[in-house]
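Residues take their numbers from the sequence shown, with the count starting at 1.
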Amino acid sequence: MKGVSILLISAAAALSGCQRQNEEAVEVSGHVFVFNYRVAIATYLVTLNKKGTLPEGAVAIAEFENPAGGDPLVTEEKIFPAWDRITLQSPAIHCVKKDRPYTVSIRLVDAKGSTLQSLKTTVTSDVDQSIMPGKPLVVGPLYTKNPDVFKADGSVDYHSADNCPAT
């Protein structure tokens, strides 16, 4: 009986060890479009919560669907062991349409390039990017009014050149 107990305990320990290896290292905790009207730039913002440990030198590679069409926009973010959250931001994007889901694919890789985990999510905006001005409203570190928008004669030109695909 004692041998069976030890065998069962050993089997349970082995199974729990396997279970830990299959746990995900991160999970998506947030995803949103950020529209910064002051500088007329929109970006994706995706946050990940760490659920486990990641090896030294790990990197998150994010591929953001390009709302204007064409190849996905790719970013790499080094992951530091002390981080509890990982924030991934795309380069500036254009042509975001309201209520359309856009795909984001994320891979966590170790220092050698081996994939540790893959995730996929979608981001949907509740506004259309056409609400953004065509040019930054401010320029410089002091947020000086942009003379291309706020004209010397008192007129204002918020015009946005819409050269986005129809879909």
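- You'll find the side chain of Asn146 stays beyond 4.5 Å of the side chain of Leu137, heavy atoms only.
- Around CG of Asp84, the count of heavy atoms belonging to other residues, nucleotides or ligands within 6.0 Å does not exceed 12.
- Transitive grouping of hydrophobic side chains (ILVMFWY, heavy atoms separated by less than 4.5 Å) keeps Val39 and Val34 in distinct clusters.
- When ring centroids are compared, Phe33 and Tyr44 come within the 6.0 Å threshold.
- Between Thr124 and Pro101, the shortest heavy-atom contact is OG1-CA, 3.4 Å.
- Closest approach of Ser29 to Asn49, counting heavy atoms only: CB-ND2, 3.5 Å.
- Taking 4.5 Å as the limit, some side-chain heavy atom of Leu88 sits within range of a side-chain heavy atom of Ile106.
- Nearest approach of Pro55 to Asp110, heavy atoms of both residues: CG-CB, 4.1 Å.
- The side-chain heavy atoms of Arg100 and Glu65, taken from C-beta on, include a pair separated by under 4.5 Å.
- Taking a 6.0 Å sphere around NZ of Lys51, one finds it holds more than 12 heavy atoms contributed by other residues, nucleotides or ligands.
- Annotation: side chain of Ser125 is not in contact with side chain of Lys98 (no heavy-atom distance under 4.5 Å).
- In this model, a donor atom of one side chain and an acceptor atom of the other lie less than 3.5 Å apart for Thr115 and Arg107.
- Residues Val46 and Val74 do not share a hydrophobic cluster, clusters being chains of Ile/Leu/Val/Met/Phe/Trp/Tyr side chains in contact below 4.5 Å.
- The structure places CZ of Arg85 at 7.0 Å from OG1 of Thr47, a figure rounded to the nearest 0.5 Å.
- With respect to Lys78 and Glu56, no salt bridge is recorded, no charged nitrogen being found less than 4.0 Å from a carboxylate O.
- In the hydrophobic clustering of this structure, Val32 does not group with Val96; members are Ile, Leu, Val, Met, Phe, Trp, Tyr whose side-chain heavy atoms approach within less than 4.5 Å, directly or through other members.
- Residues Ile41 and Thr43 meet the side-chain proximity criterion, which asks for heavy atoms closer than 4.5 Å.
- Annotation: the span from Cys95 atom SG to Tyr102 atom OH amounts to 8.0 Å, rounded to 0.5 Å.
- Taking the side chain as every heavy atom from C-beta outward, Lys151 and Asp157 approach each other to under 4.5 Å.
- Proximity of a side-chain donor or acceptor of Lys50 to a complementary backbone N or O of Ala82 within less than 3.5 Å is not detected.
- Summarising the geometry, atom CD belonging to Glu24 is positioned 10.0 Å from atom CG belonging to Leu108; distances are rounded to the nearest 0.5 Å.
- Between the Glu76 side chain and the Ala62 main chain, no donor and acceptor come within less than 3.5 Å of each other.
- When all heavy atoms of Pro136 and Val149 are compared, the pair lying nearest together is O-CG2, 3.5 Å.
- Using a 4.5 Å heavy-atom cutoff, the side chains of Pro91 and Leu73 are in contact.
- Taking the side chain as every heavy atom from C-beta outward, Val26 and Ile86 approach each other to under 4.5 Å.
- To the nearest 0.5 Å, the span separating CG on Asn36 from CE on Met132 amounts to 6.5 Å.
- Atoms CD and CD1, from Gln129 and Ile131 in turn, are 8.5 Å apart once rounded to the nearest 0.5 Å.
- Under a 3.5 Å cut-off, the side chain of Glu63 and the backbone N or O of Ser105 do not form any donor-acceptor pair.
- Residues Tyr143 and Val138 come closest through the heavy atom pair CD2-CG2, 3.3 Å.
- Under a hydrophobic clustering in which Ile, Leu, Val, Met, Phe, Trp and Tyr are joined whenever their side-chain heavy atoms come within less than 4.5 Å, directly or via other members, Phe64 and Val109 fall into different clusters.
- Closest approach of His31 and Thr121 over heavy atoms only: CD2-OG1, 3.6 Å.
- Linking Ile, Leu, Val, Met, Phe, Trp and Tyr residues whenever their side-chain heavy atoms come within less than 4.5 Å places Val156 and Tyr37 in a single cluster.
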